[in-house]
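Below, each value reflects all heavy atoms present in this structure, side chains not excepted, and no hydrogens, waters or symmetry copies.
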Amino acid sequence: MTAKIFRPAKTAMQSGKAKTHLWVLEFDQEEPRSIDPILGYTSSSDMQQQVRLTFESMEQAVAYAERNGIEYRVLMPKEATRQIVSYSDNFRFNRIQPWTH
């Protein structure tokens with residue numbers, strides 16, 4: 001039984017950062033999913049994949065995994081790099097990219 005510990009990224013559907021400060025422990029898939037030939041539903045008999053535990057910090061998630069004998073890997077979050085550009089930069093005289101209209 002292996003698991004991954006990560007901090008989820010911001011969803012693309014909302015502009016807020018709710019639930020991105022929590023750390024999540026999710027179990028990896030142990031059995032392959034099967035596709036129902038008639039209806040096309042995807043199903044799995046792996047119940048561990050439905051478990052999703054949240055923690056306040058990475059240390060708490062790691063301590064839980066070690067305490068329960070769960071093999072784990074930690075995926076460190078990647079911070080978004082924002083490029084700050086002002087609207088007036090579009091009309092600069094020494095603009096790098098040419099106009100495209």
Side-chain angles (χ1 to χ4, degrees):
M1 182 166 53
T2 60
K4 65 179 176 180
I5 298 171
F6 65 98
R7 199 171 78 191
K10 182 181 85 68
T11 63
M13 302 303 291
Q14 302 269 336
S15 62
K17 294 185 178 181
K19 299 181 184 177
T20 60
H21 65 281
L22 297 175
W23 287 82
V24 177
L25 184 139
E26 280 186 351
F27 291 97
D28 292 333
Q29 182 176 342
E30 292 183 1
E31 297 179 15
R33 295 178 183 239
S34 60
I35 299 173
D36 183 65
I38 297 173
L39 298 175
Y41 294 149
T42 304
S43 65
S44 175
S45 61
D46 186 13
M47 293 297 148
Q48 288 290 345
Q49 206 172 17
Q50 297 178 7
V51 177
R52 183 179 172 117
L53 303 172
T54 58
F55 299 92
E56 292 291 325
S57 67
M58 180 183 68
E59 291 79 18
Q60 290 176 346
V62 168
Y64 176 83
E66 290 176 350
R67 187 172 55 243
N68 291 308
I70 301 169
E71 292 182 34
Y72 65 92
R73 64 185 187 282
V74 177
L75 304 174
M76 297 306 289
K78 296 178 184 172
E79 297 298 326
T81 57
R82 305 283 185 220
Q83 182 179 3
I84 299 172
V85 179
S86 68
Y87 180 72
S88 62
D89 288 343
N90 292 330
F91 306 103
R92 278 193 325 212
F93 177 72
N94 58 352
R95 183 181 160 120
I96 296 171
Q97 295 176 343
W99 287 95
T100 58
H101 55 287

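- Here the straight-line distance linking atom CD of Q29 with atom OG1 of T2 works out to 10.5 Å at 0.5 Å rounding.
- A distance of 12.0 Å separates CG of L25 from CD of Q60, quoted to the nearest 0.5 Å.
- Taken together through direct or relayed side-chain contacts under 4.5 Å among Ile, Leu, Val, Met, Phe, Trp and Tyr, L22 and I5 form parts of separate hydrophobic clusters.
- Inter-residue side-chain proximity for V51 and Q48 is flagged as met; some heavy-atom pair is nearer than 4.5 Å.
- For R67, there are no side chain to side chain donor-acceptor pair (under 3.5 Å) partners at least two apart in sequence or on another chain.
- Take E31 and apply the side chain to side chain donor-acceptor pair (under 3.5 Å) test, not counting sequence neighbours, and it matches S45.
- Note that CD1 of I38 is 14.0 Å distant from CD1 of I35, once rounded to the nearest 0.5 Å.
- Every residue was checked against the side chain to side chain donor-acceptor pair (under 3.5 Å) condition with E30, not counting sequence neighbours, and none meets it.
- A 4.5 Å side-chain heavy-atom check between I70 and Y64 finds at least one atom pair inside the cut-off.
- Among pairs with a residue in residues 44-55, those fulfilling salt bridge (Lys or Arg N to Asp or Glu O under 4.0 Å) read E26-R52, at least two apart in sequence or across chains.
- Residue pairs meeting the side chain to side chain donor-acceptor pair (under 3.5 Å) criterion with at least one partner in residues 70-80, sequence neighbours excluded, are R7-E79, D28-R73, E66-Y72.
- Residues E56 and W23 come closest through the heavy atom pair O-CD1, 4.0 Å.
- Distance NZ/K10 to OG1/T20: 9.0 Å, rounded to 0.5 Å.
- Under the 4.5 angstrom side-chain criterion for Ile, Leu, Val, Met, Phe, Trp and Tyr, the cluster partners of V24 are F6, L75.
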